[in-house]
Amino acid sequence: MTDTLSDRAKSLRDILERQFEEHTGQLTALTAHAREPNHGGYDPDTLRGLMETARQGIADTAAALRRMAEGSYGSCESCGGEIPVARLEILPWARHCVPCQQRRRV
């Protein structure tokens, strides 16, 4: 039996909310390190990269939660087709089905 998006929606929402909290916590901690004289032991370039990764994580998860609220979560933004639940379980912030994502990389 294959799970449907509606079967897994609460679980996926919980994952996204947890990821949002984790990324927010990471960015908060990294921002505090950036204000320290020795950058909390981080190389400044590494710190900037980690902060950008955390910001992108926040943006991706917030966008996925917004799509859930709007009812468009799980639909490919390129072709309008359904993004398989298995893909969303691996990448809950996915905006495109695999074929469309592959075309975007070319």
With heavy-atom distances below 4.5 Å as the criterion, would you say the side chains of Glu89 and Leu12 are in contact? yes

Report yes if some heavy atom in the side chain of Leu65 is under 4.5 Å from a heavy atom in the side chain of Glu17; otherwise report no. yes

Could you tell me whether Glu82 atom CD has more than 12 heavy atoms of other residues or ligands within 6.0 Å of it? no

Minimum side-chain heavy-atom gap Phe20-Asp60 below 4.5 Å: no

Report yes if some heavy atom in the side chain of Arg95 is under 4.5 Å from a heavy atom in the side chain of Cys76; otherwise report no. no

Check whether any side-chain heavy atom of Met68 lies under 4.5 Å from a side-chain heavy atom of Leu16, and answer yes or no. yes

Hey, does Arg67 have a side-chain heavy atom less than 4.5 Å from the side chain of Glu77? yes

Can you name the nearest heavy-atom pair linking Pro44 to His39, along with the distance? CG-CD2, 3.8 Å

Asp14 and Lys10 ion-paired at < 4.0 Å: yes

Arg48 side chain vs Asp43 backbone, donor-acceptor pair below 3.5 Å: no

Is the shortest heavy-atom distance from the side chain of Arg18 to the side chain of Ile15 under 4.5 Å? yes

Tell me the closest heavy-atom pair linking Arg87 and Ala94, and the distance in Å. NE-CB, 3.9 Å

Looking at Ala34 and Met51, what are the two nearest heavy atoms and their distance? CB-SD, 4.2 Å

Side chains of Trp93 and Leu88, heavy atoms from C-beta outward: is any pair under 4.5 Å? no

Mark yes or no for whether Tyr73, through its side chain, and Pro92, through its backbone, hold a donor-acceptor pair below 3.5 Å. yes

Do side-chain atoms of Ser11 reach the backbone of Arg8 as a donor and acceptor pair under 3.5 angstrom? no

